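Before any comments, here is the structure.
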Amino acid sequence: MLRFRNLIVVFGDQLDHQSAAFDGFDPARDLVWMAEVAAEATYVRSHKVRIALFLSAMRHFAAELRAKGYNVEYRKLDAKDNRGDLAGELTAALKKFLPERMVAVEPGEFRVQESLKEVAAHMRVMLEIRGDRHFFCKRDEFAAWAKDRKQLRMEYFYRDMRKRHNVLMDKDEPTGSKWNFDTENRGSFGKAGPASGMKAPHAFGRDEITQAVLELVEARFGHHPGSLQHFSFPVTTAQAEQALSDFVAHRLAKFGEFQDAMWTGETYLYHSRISAALNLKLLNPRRVVAVVESAFREGKAPLAAAEGFVRQVLGWREYVRGIYWMQMPKYLELNALNAREALPDFYWDGKTEMNCLQQTIGQTLEYGYAHHIQRLMVTGLFALLFGVDPVEVHKWYLAVYYDAVEWVELPNTAGMSQFSDGGIMASKPYAATGKYISRMSNYCAGCKFKPEESTGVKACPFTTLYWDFLMRHEEMLGKNQRMALQVKNLGRLGAEKKKEIRAAAKKIRETTAKGGYS
Ligand SMILES: Cc1cc2nc3c(=O)[nH]c(=O)nc-3n(C[C@H](O)[C@H](O)[C@H](O)COP(=O)(O)OP(=O)(O)OC[C@H]3O[C@@H](n4cnc5c(N)ncnc54)[C@H](O)[C@@H]3O)c2cc1C
Ligand code: SF4
């Protein structure tokens, strides 16, 4: 009979050779267990790119472990007896290998953690969950930081992290005597557009493993959203390192200045495209932060760019994880703005006359990628102003992005983008008119609507819905100091204009419900 001491469970987003799961690994007595399960691709209707990226990276990781001499039981999705869900596969493995205990690193997702515990309890197998060394901030450290604070604001968490990990610090002072270079990081491309010679992220070729996965995904999930045409992501740690070097050499220097800008047909601009490699743990955030800080110290990137980037990785990424684990599982149910509308159909095909949405959703379906401002201030903004049920918005974001994992996606969606948590994460809703999109992109130049108009045939739906949003939530927003100016401006609109806006907003909702704007 096959009998092992430890069954080392490695999930698809734990592809880390330095993982605590491998501490004390004994090749003679321990077995690594990994499984591809269809339910992970279907519990939200995942973009083909997202499915393929997970599977390819997992298969490469398992091959690397075997090459190091580890015993690996790897359950392929296309194995005839694959049960299709995690609990079923894990239960079968416990019956087959009869380990004394299961060992795993803290799962990234609450749902997976619960499932792991349930299987262990049901099978009466000891379960050892080890801390996740990938992150700068442990779950309990975040809870200690958050305890007794009236408000959890990223900026203060970030400063604390900078000091604690001595990042961009000169003795006790932040490098450059400022914590934040945000004001220098809001550039747009103006009418001229991005400079020629901008270099897209390095495109990685498809080896045999990746090619087999792409064929499998097409055969099994061909009806899922998106295309595999541009699949060129890093799928191993070595490739992820190369992607990081490529970013630092070619795009970091301009990252800060243009991090909020958008441009038709330019998918990546100066962004890094390393989020999925980080989330699968092919890439370590300490390494990323150190490499970026070195680039600044060596004069290869300005401070505003390096600080802007570090803030995303050391600040936002760690902060959203802390919020996620503090708030789950109730975070999924919050709906502070009582938003109840269905997600418009055009989110799934990009067919809409609103050019900004057509561009952003079209790009999302084609590449599985959109950068932060496209997610927050185009697709997210429209859903917020329209009043879409936050659960539907959450499921969409979790499905369609190459880097989507719930612990990052949910706080960004519920907290930052939809304000459905009522302000746990963000101090105010990210509400704006179409003029914001006009300032930060060239989308409006190619659109039949006019961003400055809130009523009439050329009215930009964003602008109409923005004023309608303020009216619908005036009482609540009026209590928020940071919304004071916006609420004051609402007060300047006459009664007749408000009536017209309400009627126009109602029409947008009705037209959209009937599949309009498409
Ligand atoms: C509604 C919404 C949903 C999102 N869902 C996800 C998700 O599922 N997975 C995900 O990794 N990111 C998510 N983000 C955050 C952000 O949009 C992506 O991390 C970023 O666009 C990834 O592209 P990049 O690697 O080129 O990032 P860059 O712009 O180059 O940024 C560098 C890195 O910083 C980190 N980062 C940047 N912004 C954030 C943020 N707000 N929260 C956490 N980390 C951040 C990422 O690891 C990223 O790779 C979401 C944002 C919004 C508004
Ligand atoms: S005018 Fe409005 S709908 Fe059209 S691209 Fe601009 S913001 Fe989007």
Side-chain angles (χ1 to χ4, degrees), residues 13 50 108 154 201 233 243-244 247 251-252 255-256 258-260 262 264 267-280 283 285 288-289 292 308-321 323-324 352-360 369-384 390 393-394 396-418 425-426 430 432-454 458-466 517:
D13 60 351
R50 179 174 183 253
M154 199 297 284
F233 303 103
L244 173 63
F247 165 65
R251 296 186 303 286
L252 171 63
F255 171 84
F258 296 118
Q259 77 187 70
D260 289 359
M262 303 173 275
T264 304
T267 306
Y268 301 110
L269 293 163
Y270 294 103
H271 292 269
S272 64
R273 202 182 73 156
I274 59 164
S275 48
L278 276 165
N279 296 346
L280 299 184
L283 205 50
V288 173
V289 165
V292 168
F309 193 82
V310 164
R311 185 164 3 119
Q312 309 308 317
V313 177
L314 180 65
W316 281 111
R317 188 167 183 269
E318 299 282 330
Y319 173 74
V320 298
R321 176 174 182 258
I323 296 275
Y324 176 82
T352 164
E353 290 178 310
M354 291 177 270
N355 192 37
C356 53
L357 284 163
Q358 189 193 107
Q359 296 298 330
T360 302
Y369 180 91
H371 72 64
H372 185 66
I373 292 301
Q374 292 176 302
R375 298 187 208 193
L376 183 66
M377 298 308 286
V378 180
T379 44
L381 176 60
F382 188 82
L384 170 77
V393 186
H394 153 62
W396 184 79
Y397 278 105
L398 191 55
V400 298
Y401 286 108
Y402 86 126
D403 55 11
V405 286
E406 192 180 78
W407 64 265
V408 200
E409 175 277 327
L410 182 60
N412 270 294
T413 303
M416 195 186 284
S417 164
Q418 302 301 296
M425 188 168 143
Y430 281 83
T433 67
K435 284 199 269 183
Y436 174 85
I437 294 172
S438 173
R439 206 165 47 246
M440 300 311 296
S441 74
N442 67 342
Y443 295 151
C444 301
C447 186
K448 71 179 258 190
F449 302 113
K450 298 279 165 251
E452 58 284 354
E453 292 183 22
S454 56
K458 299 233 164 195
C460 163
F462 281 80
T463 305
T464 311
L465 291 171
Y466 166 80
Y517 287 103

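Read the numbers this way: they start at 1 and go in the same order the structure lists the ligands and their atoms. Here the structure is a predicted model, which is why all the values come from computation and not from measurement.
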- Which option out of His372, Gln374, His394, Glu318 puts a heavy atom nearest to atom 15 (C) of ligand 1? His372
- Message: Using heavy-atom distances only, which candidate in Leu376, Leu410, Leu398, Asp403 approaches atom 7 (C) of ligand 1 most closely?
- Response: Asp403
- For atom 8 (Fe) of ligand 2, does an N/O/S atom of Cys444 lie at less than 2.8 Å? no
I need the minimum non-hydrogen distance between [X] and [Y], along with the two atoms involved.
X      : Y      : value
Cys356 : Ile437 : CB-CG2, 3.9 Å
Leu384 : Tyr430 : CD2-O, 3.5 Å
Gly434 : Phe462 : N-CB, 3.8 Å

- Message: Under 4.0 Å from a heavy atom of Val405: which atoms of ligand 1 are those, numbered in the order shown and with their elements?
- Response: 8 (O)
Going by heavy atoms, is [X] under 4.0 Å from ligand 1?
X      : answer
Tyr401 : no
Tyr430 : no
Tyr369 : yes
Ala276 : no

- Ion pair check, Lys458 and Glu453, cut-off under 4.0 Å: no
- Message: What I want to know is whether Asn412 and ligand 1 share at least one N or O pair that is separated by under 3.5 angstrom.
- Response: yes
Provide the number and element of each atom of ligand 2 under 4.0 Å from a heavy atom of [X].
X      : answer
Gly434 : 7 (S)
Pro451 : 1 (S)
Cys447 : 1 (S), 3 (S), 4 (Fe), 5 (S)

- Residues Ser275 and Tyr369: side-chain donor-acceptor under 3.5 angstrom: no
- Query: Closest non-hydrogen protein atom to atom 8 (Fe) of ligand 2, residue and atom name please, with distance?
  - Reply: Cys356 SG, 2.4 Å
- Item | Heavy atom of the protein closest to atom 1 (S) of ligand 2 (residue, atom name, distance) | Phe449 O, 3.4 Å
- Query: Is there a side-chain hydrogen bond (donor to acceptor under 3.5 Å, both in side chains) between Ser454 and Tyr466 once you walk through the steps?
  - Reply: CA-CA 9 Å; Ser454 56; Tyr466 166 80; over 6 Å; no
- Task: Indicate the ring-plane relationship of Tyr319 and Trp316, choosing parallel, tilted or perpendicular according to the 30° and 60° boundaries.
- Result: perpendicular
